[in-house]
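To keep things clear, I will list the structure first and then write my remarks on it.
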Amino acid sequence: MSASVAVYRDIYTEDRFRQTYGTEDQSRGRERLRDRLAQRCSCSQVDCLHLLKKRLPVCSWLPKYKLKKWLLGDIIAGLTVGIVHIPQGMAFALLTSVAPVYGLYTFHKFVFPRMLEYLQFWLFVGTFAVLSLMTGSVVERLVPIPLALNSSSPEAAEFEAQRIGVASAVAFLSGIMMLCMCGLQLGFLSTYLSEPIVKAFTSAAAFHVTVSQLQSMLGLRLPRYAGAFSLFKTLASVMENVPHTNLAELVISLLCLAVLVPVKEVNSRFRERLRTPIPVEIITVIIATGITYAFSLDSKYDIQIVGHIPAGFPEPRLPALETVPEIAGDTVAITLVAYAVSVSLAMIYADKHRYSIDPNQELLAHGISNTVSSLFTCFPNSATLATTNILESAGAHTQLAGLFTSLVVLIVLLLIGPLFYFLPKAVLACINVTSLRQMFLLFQDLPDLWRISKIDFMVWLVTWLSVVVLNVDLGLAIGVVFSMMTVICRTQRANCSVLGRAANTEIYRSINNHNKCYEVPGVKILTYNGPIYYGNRSFFKADMVQLLGLTPERIRSREKALKAIEKREREAISSVEQGVTDSSFSSKNDLFRSEMAEGEVEAVLIDCSSVIFVDVAGARLFIQEYGYTWLTAMSVLKILTSSGLMNYMNPQHIFVTVHDAVVYIQQQREKPPENNTMVWV
């Protein structure tokens, strides 16, 4: 059963609609602006309390903490993540080209600023492989270590101090940048890193991480390459030195992979059934350390081991601030990547658990964490996908879980850390590689991406190839630029089409897509689905001229006729003004009617409902008349009015809807004819 709708009302022009239903005058707008500014600048106890809860979320969730309901889940989740993170933290420190113990320092020092400032209950913030790799590239470039250097010599300790100084400087500068971005309310910048860019970037960076770990897994001592084509340089170096592989470390790597890969697959497939994931990393670390110590593998087979891990905490120390000019460019890329990854992951869990996030609060939390932690020999951090999944699946409810994770790391630093002296670096390299499983699986999104949007597929592919072939930071920049270029190209070639009317309705659709919608006789209705600006004004003009059939010869004849009419009006300026205006409309119409063939367009109606903005270049395009009077819609009326368009058009030809304009044109046909009209709605 179908229902019919009948609507009876007067024809509304924009001017009449404003008069009938009111419009905001400028004085009231200025008054409201003053009130808003005064309200923002006011200070009261309520405002201070609101600001405190907004900037320190712990003040909001801690008083509402449900001890009996949430505490057990937070304890279990915190201990689980702590056990998993210990080997990962040490492994990611190797990616950063610093001693493994600094990976433990980095996580532990992040906990308390994050608990105070961070809002996301299920998001885990700590060491992240991609950021560690990017930071390690900076460290290797500024403080390269000679291959022949003895790791137990005093010179090695000095090099290590310089390296962590550079890594801490990157964290410090990254934190300062994030705090400045928060102060300037630049949280919206994360929107320029689209989902295809972030996923392609992390997937390609996983290849860089894997290739960089090959030398540790094979027991080779090779220089670490940075810059463009670094991945291929590293691969070539590894292939050249394969004959020098340490067989003992190769066997250790193969055994570790044989254990880590299947158990991680079990953890992934049976995540819903397992109360906590199997801590295979820490088990592997303990067993490998014990075997290496028991059989003296380091001395017998020259296996690279972690070495001395000091007990306790490092003393506060300023980062190597003298390197700031040299690391500034790399730190910008690191900052944007850390923020983009963290915000993207935060949005995923915000949608899943139905709460909202504040991007500027994310900047504040990460900025404080990086800045404070850099004073304790730590390197940059961000949210981590794998550990966040563990935190959620283990039953965490609040950020209090991070406190129990910190306690686990604290015990390791104070008591257990020195026992990892004999831990082979090949084991940590295997942990790094197997932790990237989810990043490699991002290739599974490509078929869906191709089906949904081929342009997004190209953005993914270009970003991935740029990161793999060139470098992490340069590839990311190319991906962002390419993504923005696709947006510009899509706005340049927006669709300009002819609308037809569905019979006995006031619904108008493109006649190309709806073969039962027909054009109104004598009226050409055009619509443009995009902005009109300097980048596409020529395309818009060409499409419109083609659809209207305005050949250059016809345009010139119309312009010539208009000039003749204007000259005639200037000669008649001494007559009554209103009479001159009416006669001019009549003279124009008579002239054009004499040129019109049967079936020719008498009026042009342009639907501006899909035009989101018009710039100066686009506005000036409408001033060119071609024998028509130009009219516009409310959405873009302001800028077109400012451009002087009202000097060339009749304000009564601005309509609220397409149907209002069509009905108006049909009514005018029953009266003495006026000017050929181009109408915008």
Side-chain angles (χ1 to χ4, degrees), residues 128-131 133-134 137 181 186-211 227-232 329-330 332-351 357 359 362 382-385 436-495 529-531 533-536 539 610 612-613:
F128 182 48
V130 176
L131 286 186
L133 178 68
M134 297 177 71
S137 299
M181 291 169 66
L186 297 180
F188 67 90
L189 290 179
S190 62
T191 58
Y192 293 103
L193 293 175
S194 63
E195 181 178 338
I197 291 177
V198 174
K199 288 187 174 181
F201 170 78
T202 53
S203 177
F207 280 85
H208 281 272
V209 174
T210 302
V211 171
F229 310 106
S230 59
L231 184 143
F232 301 102
D330 297 281
V332 171
I334 291 172
T335 302
L336 292 177
V337 170
Y339 178 57
V341 170
S342 299
V343 170
S344 300
L345 198 55
M347 289 180 177
I348 292 173
Y349 282 90
D351 292 339
I357 66 169
E362 306 286 323
S382 75
T384 59
L385 178 59
L436 303 173
R437 173 184 174 276
Q438 290 178 303
M439 297 184 186
F440 288 119
L441 293 179
L442 292 174
F443 279 98
Q444 296 176 348
D445 297 339
L446 287 180
D448 291 337
L449 204 59
W450 174 263
R451 186 178 67 256
I452 296 171
S453 173
K454 292 178 175 57
I455 293 180
D456 286 341
F457 177 88
M458 290 301 301
V459 170
W460 199 103
L461 192 62
V462 168
T463 304
W464 189 89
L465 290 174
S466 300
V467 173
V468 169
V469 174
L470 298 176
N471 200 11
V472 175
D473 48 359
L474 183 58
L476 177 64
I478 292 175
V480 172
V481 172
F482 181 78
S483 177
M484 298 184 71
M485 288 299 297
T486 61
V487 175
I488 294 174
C489 290
R490 277 184 278 188
T491 60
Q492 279 187 318
R493 300 312 303 242
N495 183 36
N529 301 316
Y533 66 109
Y534 69 95
N536 69 351
F539 297 110
S610 299
I612 55 176
F613 73 87

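All values below were derived from every heavy atom in this structure, side-chain atoms included, with hydrogens, water molecules and symmetry-related copies excluded. All values derive from a computational prediction rather than experimental measurement.
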Could you list the donor-acceptor pairs under 3.5 angstrom formed by side chains in residues 201-209, with sequence neighbours left out?
unit_1	atom_1	unit_2	atom_2	d
T202	OG1	V198	O	3.0
T202	OG1	K199	O	3.0
H208	NE2	V467	O	2.7

What's the spacing between L436 CG and T210 OG1 if we round to 0.5 Å? 5.0 Å

Check for a donor-acceptor pair, side chain of Y339 on one end and backbone N or O of P359 on the other, with a separation under 3.5 Å. yes

Nearest 0.5 Å, what's the CD1-CG distance between I334 and L476? 11.5 Å

To the nearest 0.5 Å, what is the distance between OG1 (T335) and CG (L131)? 9.0 Å

Interatomic distance, CG@L461 vs OG@S466, rounded to 0.5 Å, equals 9.0 Å

Using the rule side-chain contact (heavy atoms from CB on, under 4.5 Å), only one of P196, S483, S194 pairs with D456; which is it? P196

Are F457 and I455 close enough that some pair of their side-chain heavy atoms sits under 4.5 Å apart? no

Does N536 use its side chain to pair, donor to acceptor, with the backbone of Y533 at less than 3.5 Å? yes

Once rounded to the nearest 0.5 Å, what's the spacing between atom CG of L442 and atom CH2 of W464? 12.0 Å

Once you round to the nearest 0.5 Å, how far does CZ of R490 lie from CG of N529? 14.0 Å

Just by modelled atom types, is the V459 backbone N or O under 3.5 Å from a matching donor or acceptor in the T463 side chain? yes

Check the pair V337, M134 against side chain to side chain contact (heavy atoms under 4.5 Å, CB included), reporting the backbone distance first and the verdict last. CA-CA 10 Å; V337 170; M134 297 177 71; 4.1 Å; yes

Around atom CZ of F440, are there more than 12 heavy atoms from other residues, nucleotides or ligands closer than 6.0 Å? yes

Under the side chain to side chain contact (heavy atoms under 4.5 Å, CB included) criterion, do I197 and F482 qualify, and how do the steps go? CA-CA 10 Å; I197 291 177; F482 181 78; over 6 Å; no

Could you tell me whether the side chain of W450 reaches within less than 4.5 Å of the side chain of W460, counting heavy atoms only? no

For T491 and I488, indicate whether the former's side chain and the latter's backbone hold a donor-acceptor pair under 3.5 Å. yes

